[in-house]
Amino acid sequence: MSKFKLGYAPTRRFTFSAEDAYRYKVQIREKMESFGLDIEIIDLEGINDEGLLYNDLISSESIIQRFQEEKVDAVFFPHCNFGTEDTVARVAKTIGKPVLLWGPRDEAPLKDGMRLRDTQCGLFATGKVLRRFNVPFTYITNCRVDDPIFERGFTNFIAAANVVKAFNSLRILQIGPRPTSFWTMMCNEGELLERFGIELHPITIEDIKRASKKVAAKESPELDEAIEYIKTNLDAIDVSDEDIRKIAALKVAMKTLATDNQCTAIAIQCWSSLQDSMGIMPCLANAILTDEQIPVTCETDIHGAITSVMVQAATMNTSPTFFADLTIRHPENDNGELLFHCGNFPVSLSVEDKPKLRRHFLFDDHSPGTHEGEIRGGSMTLARFDGDHGEYSIFLGKAKGIEGPFTRGSYVWVEVNDWPLWEEKLVKGPYVHHSVGIHANVIPAIYEACNYIPGLNPDPVDPTEDEIRSWLRGSDMK
């Protein structure tokens with residue numbers, strides 16, 4: 001993904017202190033930069049003498065032109081005094097990207113009774129006009145620049161806008177159809193395109209076999225790097241060098257096909273045609289690619305791939321996801337559950353220094369290619385984008401890793417707040433047995449992102465919607 005670009009359009013109104021507005025423009029910029037986010041800020045410097053947005057149609061046209069030429073991903077309109085609501089709305093409407101609305105809290109009136117900014121009053125005005133223009137926006141409670149509420153709201157908005165950016169450019173490499181018996185993996189390709197602009201790029205198992213054989217047939221830096229990674233980071237058990245070369249070639253071929261076709265995720269029919277055709281399982285190749293920020297989902301789970309991209313983007317692409325089955329309840333903990341898949345969890349998440357590369361334990365021919373072992377616990381988010389009958393939602397819940405019995409494959413045991421509630425929600429749908437996990441709290445960001453994705457409803461189970469909103473206003477989240 002390209003670096004996130006934020007349009008910075010601080011605004012003032014002529015009837016209040018221009019000097020104070022300018023001072024706050026600088027303070028807010030410095031505060032944003034102190035948060036350590038890897039973003040590029042596109043400001044208004046040079047458009048007018050102040051670098052501020054105010055009631056000037058010529059300036060607004062220049063602001064729109066700059067933001068469009070720079071291809072900003074979101075726009076922030078801090079009200080440095082009352083602000084100019086109509087110009088803000090015009091710019092926001094034309095740019096058509098997520099909008100952040102906030103202003104620093106006013107100081108006490110001067111001794112003579114005069115007020116310098118009246119920022120909160122202007123926020124009320126701008127909020128109403130944005131509604132008139134049908135512009136969705138995010139709002140941070142009026143607070144001081146150094147207040148933790150501002151940092152919390154700002155960083156959450158950037159993450160949410162990055163989810164929107166990733167969602168709006170979704171293109172998924174589909175390798176093979178869904179397995180015959182997996183009716184749960186049905187998706188409506190036409191509807192995904194019509195409703196959300198999500199594109200699929202389908203290829204066949206024969207296509208990936210041919211591409212992999214071509215990679216394996218000659219030496220290349222990419223293949224050598226993949227082979228070295230496998231031999232260095234995994235403990236191969238009963239897996240030959242020839243098989244390792246095949247697995248590495250599959251990884252390189254998948255990445256090349258995804259990159260060449262501008263795909264941001266992959267959904268693969270991981271069994272059983274691929275193992276019959278190529279003599280390997282793709283689990284480790286999936287794991288390595290997911291670690292490299294190209295998430296791969298098993299069993300041609302398109303909705304799972306969509307979830308993976310959204311969840312990854314909510315961390316500003318700094319943490320890998322893991323794609324798991326919800327399988328069995330913990331034998332002793334009534335709120336515990338096993339997250340498992342055959343061998344596809346990112347290697348970087350492993351508890352062992354060198355997890356095992358093995359032959360698959362479920363199939364008669366025991367094809368090699370599964371990366372097995374427990375991954376680390378800690379706090380995490382579990383999510384699932386799904387839909388049916390023309391309605392789409394994204395399930396969101398928090399979990400934490402716990403101790404549990406050994407099992408084969410990639411796995412982690414987790415505890416949630418109320419598993420029977422989760423189970424009921426998941427069984428009654430529109431969800432399935434697949435979920436996406438990540439070691440981060442991305443729930444508020446994804447919740448906010450849904451504000452900018454028409455037709456997608458957030459469905460949080462823990463925390464609740466009220467708890468998320470309260471947290472964004474400054475309360476602690478339980």
Side-chain angles (χ1 to χ4, degrees), residues 1-4 38 162-163 165-167 169-175 201 203 208 211-212 215-216 220-234 236 244-268 270 274 280-298 301-302 304-324 341-350 352-355 357 369-373 375-376 380 383 410 436-440 442:
M1 294 286 290
S2 58
K3 179 174 282 193
F4 186 94
D38 186 22
N162 198 49
V163 173
K165 175 185 179 181
F167 188 90
S169 58
L170 262 167
R171 183 174 167 86
I172 299 169
L173 179 66
Q174 178 183 332
I175 303 176
H201 182 81
I203 65 173
I208 193 66
S212 297
V215 171
S220 69
E222 294 80 9
L223 180 60
D224 291 343
E225 182 181 349
I227 292 172
E228 180 63 24
Y229 178 90
I230 294 170
K231 290 185 174 182
T232 301
N233 292 283
L234 291 111
I244 289 174
R245 187 178 183 86
K246 286 183 180 180
I247 295 165
L250 174 61
K251 179 263 176 184
V252 173
M254 290 168 66
K255 185 171 185 176
T256 300
L257 284 165
T259 303
D260 289 351
N261 292 287
Q262 298 183 326
C263 295
T264 52
I266 301 171
I268 186 170
C270 49
L274 190 142
I280 58 171
M281 298 296 296
C283 307
L284 177 59
N286 298 352
I288 299 172
L289 285 169
T290 301
D291 244 339
E292 294 181 0
Q293 302 288 300
I294 302 177
V296 185
T297 56
C298 312
D301 186 350
I302 301 298
I306 294 168
T307 313
S308 299
V309 169
M310 294 179 71
V311 169
Q312 177 178 280
T315 69
M316 302 301 292
N317 300 87
T318 59
S319 297
T321 61
F322 63 94
F323 180 74
H341 235 236
C342 305
N344 64 321
F345 291 4
V347 178
S348 66
L349 300 179
S350 298
E352 299 177 77
D353 290 335
K354 294 188 73 171
L357 172 60
T370 58
H371 147 235
E372 293 192 39
I375 65 167
R376 61 183 171 86
M380 60 188 79
S410 299
V436 173
I438 198 162
H439 291 79
V442 299

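Residues take their numbers from the sequence shown, with the count starting at 1. Predicted model only: the values in this text are computed from it and were never measured.
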Where V215 and L223 come nearest, the two heavy atoms and their spacing: O-CD2, 3.5 Å
Partners passing salt bridge (Lys or Arg N to Asp or Glu O under 4.0 Å) against K231 (at least two apart in sequence or in another chain): D241
Non-hydrogen side-chain atoms of L173 and I175 separated by less than 4.5 Å: yes
Rounded distance (nearest 0.5 Å) linking atom CD1 of I302 with atom CD1 of I172: 5.0 Å
Qualifying residues under side chain to side chain contact (heavy atoms under 4.5 Å, CB included), relative to A383, sequence neighbours excluded: T307, V311, L396
Nearest-0.5 Å distance, CD1 of residue I294 to CD1 of residue I266: 6.0 Å
Under the ring pair (Phe, Tyr, Trp, His ring centres under 6.0 Å) test, residues paired with F323 that sit two or more places apart: H341, H434
Heavy-atom donor-acceptor pair, K165 side chain to S2 backbone, under 3.5 Å: yes
Residue list, side-chain hydrogen bond (donor to acceptor under 3.5 Å, both in side chains) with D38, at least two apart or on another chain: K3
Any side-chain heavy-atom pair of M254 and N286 under 4.5 Å: yes
side-chain hydrogen bond (donor to acceptor under 3.5 Å, both in side chains) against R171, all qualifying residues, sequence neighbours excluded: E199, H201
Residues in side-chain hydrogen bond (donor to acceptor under 3.5 Å, both in side chains) contact with T318, at least two apart in sequence or another chain: none
Salt bridge (charged side-chain N to carboxylate O under 4.0 Å, His left out) contacts touching residues 283-292 (sequence neighbours left out): K251-E292, K255-E292
Pairwise distance CE(M281) to SG(C270) - rounded to 0.5 angstrom: 5.5 Å
Close side-chain approach of L357 and I244, heavy atoms under 4.5 Å: yes
Nearest heavy-atom neighbours spanning A226 and V252: CB-CG2, 4.1 Å
Nearest atoms (heavy-atom pairs only) where T232 meets K354: O-CE, 3.3 Å
H439 side chain to L349 backbone, donor-acceptor under 3.5 Å: no
Sub-4.5 Å side-chain heavy-atom contact between S410 and H371: yes
Where I438 and P320 come nearest, the two heavy atoms and their spacing: CG1-O, 3.5 Å
Heavy-atom pair of closest approach, residues V436 and S308: CG2-OG, 3.4 Å
Enclosure of D260 CG (heavy-atom neighbours >12, cutoff 6.0 Å): yes
side-chain hydrogen bond (donor to acceptor under 3.5 Å, both in side chains) partners of E352, counting only residues at least two apart: K356
Euclidean distance, T315 OG1 relative to N162 CG, rounded to 0.5 Å: 8.5 Å
Closest contact, heavy atoms only, Q312 versus P295: OE1-CD, 3.7 Å
Within-4.5 Å side-chain heavy-atom neighbours: I288 and I247: no
Minimum side-chain heavy-atom gap F322-N344 below 4.5 Å: no
Flag side-chain contact, heavy atom, 4.5 Å: V347 against L284: yes
